[in-house]
Asks: 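I am attaching a structure below and will ask some questions about it afterwards.
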Amino acid sequence: MDSAARRGGGGLLEGLYRVIMRRNSVYVTFIIAGAFVGERAVDYGVHKLWEYNNVGKRYEDISVLGQRPSEE
């Protein structure tokens, strides 16, 4: 009964194995795409966290920087 349930139903990990890890080309593509997407997500998250922690301290936030005094 136990082996029949394993063969018929499968689980999440077995489904992932069947879809992703059975062929080497699909597995390598999945790893490379995952690394690219993960790198972009971490970069975006760290950038937003840095901006949130430095509001008012950045060059863009200070209004007097970049302006020359008028000579009238």
Side-chain angles (χ1 to χ4, degrees):
M1 175 85 182
D2 191 29
S3 63
R6 280 191 216 155
R7 267 188 263 133
L12 179 64
L13 293 176
E14 286 185 34
L16 280 174
Y17 174 77
R18 271 190 241 117
V19 172
I20 296 171
M21 294 189 213
R22 196 164 266 188
R23 296 188 55 163
N24 192 37
S25 60
V26 175
Y27 180 66
V28 169
T29 304
F30 177 75
I31 294 298
I32 291 172
F36 181 74
V37 170
E39 183 269 334
R40 300 298 289 172
V42 168
D43 184 47
Y44 178 78
V46 169
H47 182 73
K48 288 297 179 186
L49 182 65
W50 188 88
E51 283 185 347
Y52 176 76
N53 285 329
N54 291 301
V55 171
K57 302 174 198 172
R58 298 177 302 159
Y59 181 80
E60 297 88 18
D61 296 337
I62 302 172
S63 61
V64 295
L65 290 177
Q67 298 177 357
R68 294 184 180 189
S70 61
E71 297 180 16
E72 293 180 24

Asks: Mind checking side-chain contact (heavy atoms from CB on, under 4.5 Å) for F30 and listing every partner two or more places apart, or none if nothing turns up?
Replies: I20

Asks: If a pair satisfies salt bridge (charged side-chain N to carboxylate O under 4.0 Å, His left out) and one of its residues is in residues 32-44, list it, with sequence neighbours excluded.
Replies: none

Asks: Please report, to 0.1 Å, the donor-acceptor pairs under 3.5 Å made by any side chain of residues 47-56, with sequence neighbours excluded.
Replies:
from: H47; atom 1: NE2; to: E51; atom 2: OE2; distance (Å): 2.9
from: N53; atom 1: ND2; to: L49; atom 2: O; distance (Å): 3.4
from: N54; atom 1: ND2; to: W50; atom 2: O; distance (Å): 2.9

Asks: Starting from I32 and following side-chain heavy-atom contacts under 4.5 Å between hydrophobic residues (I, L, V, M, F, W, Y), which residues can be reached?
Replies: V28

Asks: Test of understanding: clusters of I, L, V, M, F, W, Y form through side-chain heavy atoms closer than 4.5 Å, transitively. Do Y17 and V19 belong to the same one?
Replies: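 In one cluster with Y17: V19, yes.
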
Asks: Who clusters with V42? Use side-chain heavy atoms, under 4.5 angstrom, across I, L, V, M, F, W and Y, and order the result by chain and number.
Replies: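 V46, which link up through side-chain heavy atoms under 4.5 Å apart, make up the rest of the cluster.
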
Asks: Can you pull the salt bridge (charged side-chain N to carboxylate O under 4.0 Å, His left out) pairs that have at least one residue in residues 27-37, sequence neighbours excluded?
Replies: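 Listed by first then second residue: nothing to list.
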
